[in-house]
Visitor: 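Mind having a look at this structure? Questions to follow.
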Amino acid sequence: MSAVLGDWSWVAGEQALSLEMRPGRFTEALSGHWTLTDFGHILDGLSLRRLVDALSGDEPSVTCGLQLADGRAVHLAGTFTRPGEARGLVLEAGTADAESRDPQSQLRAAYQPIYNLVTGRIDGFEALARWDGEDRRDRAQGPRTDDRALASNMLLQASEALARWQAETGRPDLFVQVNLTGRDLDDATLADLVAALVGGFSLPPGSLRLELTEQAALRNARQAQDMAVRLQAAGAALVLDDFGSGHSSFLWLADFPACGLKVDASLIARLQTPRVRIILESVTQLAHRLDMTVTAEGVETTALLPELRQSGFDFAQGFALGRPLSRDQTSQLLQAPAPALPG
Ligand code: G
Ligand code: MN
């Protein structure tokens, strides 16, 4: 997990950059209220130029690697909350720095829309990891690296993107869901990062969501439950992924505090089988009684949509509705008039 080193804010009208660093290696060097000129004295020359560009550009999000004059580096990530006012996080360098040689630098989150089956609108997205230059064959084999920074990088990109879409559309209810592994849950700094992202990007509580499979959580069930509670306290919501495939027990539903359930594509593909239909109708009823929403995954044909609605599903996601898109393509999709959901 990438360490959160502190928070920053920028007020263009006053040309004031404030950094509030947590206790650590960078506290003395960076903490305080700066003019850009003063701040420039502690940076290398190129870094100051990058920072000025990032703070004065048209981009709603700010992301910028900074090399200090003493050779150390940090990364600023954040977003404009209103014209001329930006805020965000100071992160350990390397995890999100596009210029670094870190293999993570080729990581790009792609966002697959999640449609509300009742209103027909897009209400959220699943963030999926994609590597620049990969072809379909690489992708089928899953992530090439098992880098520990994957989750933090995805969380950072997704939070930044979500803050931007919420601001662009005026819809604070939009959500984004990021996949976590069992190993991510072992990392004690995860909740800290989530709290910093929710605070740093001013995300409404519950709009940053974490998808977990039971298999991931079961690596250490007790610890996963503790972590789940801490993640919720940090402002994230939890979603149970791949439900109905592999190991997914009722204990999982009983014990894990989640706001939603995603039903595995293997079951959705068989929705038209009478026995599967009965099972799925019961699953949606059960989930609703437990205060959870239900998403159908892997919807590959719009012919399924009427039956998904009748079976009580709240959301649908899949190639028939939308492929994963870049952050900017997603902005455009959200700005276009919503096409009627087929079926
Ligand atoms: O395990 P999880 O549910 O997070 O898996 C998401 C994966 O499913 C992504 O890799 C995504 O590209 C893929 N996916 C999304 N929609 C569809 C679909 O309609 N059909 C198939 N086969 N895969 C899909
Ligand atoms: Mn998922």
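Order of appearance sets the numbers: ligands from 1, and atoms from 1 within every ligand. Just so you know, residue 1 is the first one in the sequence shown, and it goes up from there.
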Visitor: Given 3.5 Å as the limit, does a donor-acceptor pair link the side chain of S326 with the main chain of Q329, or not?
Guide: yes
Visitor: Flag the pair F175 / F315 as yes when their ring centroid distance falls below 6.0 Å, and as no otherwise.
Guide: yes
Visitor: Quick check on the Mn ion (ligand 2): does E297 put an N/O/S atom closer than 2.8 Å to it?
Guide: no
Visitor: Looking at D241, which of its N, O or S atoms is the nearest one to the Mn ion (ligand 2)?
Guide: OD2
Visitor: For Q317, which of Q177, E297, E126 qualifies under side chain to side chain donor-acceptor pair (under 3.5 Å)?
Guide: E126
Visitor: Side chain or backbone of Q317 under 4.0 Å from ligand 1, or both, or neither, by non-hydrogen atoms?
Guide: neither
Visitor: Any nitrogen or oxygen of L128, main chain or side chain, under 3.5 Å from a nitrogen or oxygen of ligand 1?
Guide: no
Visitor: Could you check which N/O/S atom of E211 is closest to the Mn ion (ligand 2)?
Guide: OE1
Visitor: Please work out, at 4.0 Å between heavy atoms, whether the side chain, the backbone, both, or neither of R323 comes within that distance of ligand 1.
Guide: neither
Visitor: Would you mind telling me if ligand 1 is within reach of the side chain of E297, the backbone, both or neither, using heavy atoms under 4.0 Å?
Guide: side chain
Visitor: Ring of F319, cation from R323 - is the NZ or CZ under 6.0 Å from the centre and inside 45° of the axis?
Guide: yes
Visitor: In this structure, is the centre-to-centre distance between the rings of W10 and F80 below 6.0 Å?
Guide: no
Visitor: Do we get R327 above Y111's six-membered ring, with its NZ or CZ under 6.0 Å from the centre and within 45° of the axis?
Guide: no
Visitor: So which N/O/S atom does E126 have closest to the Mn ion (ligand 2)?
Guide: OE2
Visitor: Pick whichever of Q112, E300, K262 has a heavy atom sitting closest to atom 16 (N) of ligand 1.
Guide: Q112
Visitor: Would you verify that at least one protein heavy atom lies under 4.0 Å from atom 19 (O) of ligand 1, or report that none does?
Guide: yes
Visitor: In the complex you have, is atom 2 (P) of ligand 1 within reach of the protein, judged by whether a heavy-atom distance drops under 4.0 Å?
Guide: yes
Visitor: I need the nearest protein heavy-atom contact for atom 10 (O) of ligand 1: residue, atom name and distance, please.
Guide: R130 NH2, 4.0 Å
Visitor: Record the part of D242 in heavy-atom contact with ligand 1 below 4.0 Å; permitted values are side chain, backbone, both and neither.
Guide: side chain
Visitor: Does the N116 side chain pair with the main chain of T119, one donor and one acceptor, at a distance under 3.5 Å?
Guide: yes
